[in-house]
Protein chains: 2
Amino acid sequence: MSVDRKLDMQEVSQILKLLGDKTRLTMMKLLQSHDCCVCEFVAIFNMSQPGISQHLRKLKDASLVKETRRGQWIFYSLNRDHDYALLIDDLLNYLPDQNERFIELEAQGLRISCD
Amino acid sequence: MSVDRKLDMQEVSQILKLLGDKTRLTMMKLLQSHDCCVCEFVAIFNMSQPGISQHLRKLKDASLVKETRRGQWIFYSLNRDHDYALLIDDLLNYLPDQNERFIELEAQGLRISCD
DNA sequence: TTAGTATATAATAATTTAATTATATAAGTA
DNA sequence: TACTTATATAATTAAATTATTATATACTAA
């Protein structure tokens, strides 16, 4: 009981630490509305491809996101089965919509749609 | 507008970074139910007094908590007027109750009540 | 098979963070 | 005033974090 309680605080603070980075927080907000592949994130954020991959790995290691290969691309999506999925969703709902970023991508012809 | 959006993401991620530390997150949860002075935090957490003070300073610098001197003690309380007070309160409501910690304090005669 | 594209991993460097000890400040009390 | 208690600040150190470049892996297509 006491141990469980501490584990919970530990786990939540770990999740908040991951979301306490602007790039990862924005990634999560983007994923709330659209699955996204690595190269799209690279186009959206001003960051190297390995930088993007490492952020995604942290999110994946914490089971916050899932990855699926579709052809040559690997798409990331929110893990809506996560133990704290409700908390995370609530939290993301406070954030301003980031769809403008997808619109910009589309305008540059960089949006990947894999059907 | 675009600038505001970015500021928001920046500010929220900064807050989550602060809450992404187990000590500070637990402090905030404790403060949700009781104001608390520094020496109580020192008794609750296994950490030096300067360590506690520095966590509190970070929370105060971000306006997440307020301080009030009462006699020889300085009490900390949640700043319920913070721009993101709703988000923070929602978030804290997901966390397990930490009142047991106050009960333990009381049992050790370390609870400060300043009336 | 070879070349090109997408992604991950390794190595590394710069920065930030979180803790400690030592010390200063401020209030309370004999 | 001097002593004690409560708290803050400074200096320092160890560890964690975030980014980069270089390289490896995996799929696609010619």
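Lettering follows sequence order; numbering is per chain, from 1.
Distance CD (A/Gln72) to C1' (C/dG4): 9 Å, rounded to an integer number of Å. The separation between A/Phe75 atom CZ and C/dT7 atom P is 8 Å, rounded to whole Å. As rounded to whole Å, 14 Å separates atom C1' of C/dG28 from atom CD1 of B/Ile74. We find that CD of B/Glu67 is positioned 13 Å from C1' of C/dA26, with the value rounded to whole Å. Rounded to whole angstrom, the span from the CE atom of B/Met27 across to the C1' atom of C/dA18 amounts to 12 Å. A/Asp21 places its CG atom 17 Å from the P atom of C/dT15, with the value rounded to the nearest Å.
Between B/Val38 and B/Phe75 there is no side-chain heavy-atom pair separated by less than 4.5 Å. Between A/Met9 and B/Gln98 there is a side-chain heavy-atom pair separated by less than 4.5 Å.
Contacts of B/Asp35 classified as side chain to side chain donor-acceptor pair (under 3.5 Å), with partners at least two apart in sequence or in another chain: B/Arg70. Partners of B/Lys29 under the side chain to side chain donor-acceptor pair (under 3.5 Å) rule, at least two apart in sequence or in another chain, are B/Gln32. In this structure B/Thr68 satisfies the side chain to side chain donor-acceptor pair (under 3.5 Å) test with no other residue, sequence neighbours excluded.
Only A/Ser48, A/Pro50, A/Gly51, A/Gln54, A/His55, A/Lys58, listed by number, bring a heavy atom of residues 48-60 of chain A to less than 4.0 angstrom from any atom of DNA chain D.
The side-chain hydrogen bond (donor to acceptor under 3.5 Å, both in side chains) analysis of residues 41-52 of chain A, with sequence neighbours excluded, yields the pairs A/Gln49-A/Ser53.
Remark: the B/Ser33 side chain and the B/Asn99 side chain contain an N/O donor-acceptor pair separated by less than 3.5 Å. No side-chain donor-acceptor contact under 3.5 Å links A/Gln54 and A/Arg57.
Note on A/Phe45: nothing from the nucleic acid sits closer than 4.0 angstrom, heavy atoms only.
Position along DNA chain D of the nearest nucleotide to B/Arg69 versus A/Met47 favours B/Arg69 as the more 5'-ward residue.
Judged by distance alone, the side chain of B/Glu11 and the main-chain N or O of B/Asp8 form no donor-acceptor pair under 3.5 Å.
The footprint of chain A on DNA chain D, defined by a heavy-atom cutoff below 4.0 Å, extends from D/dT17 to D/dT28.
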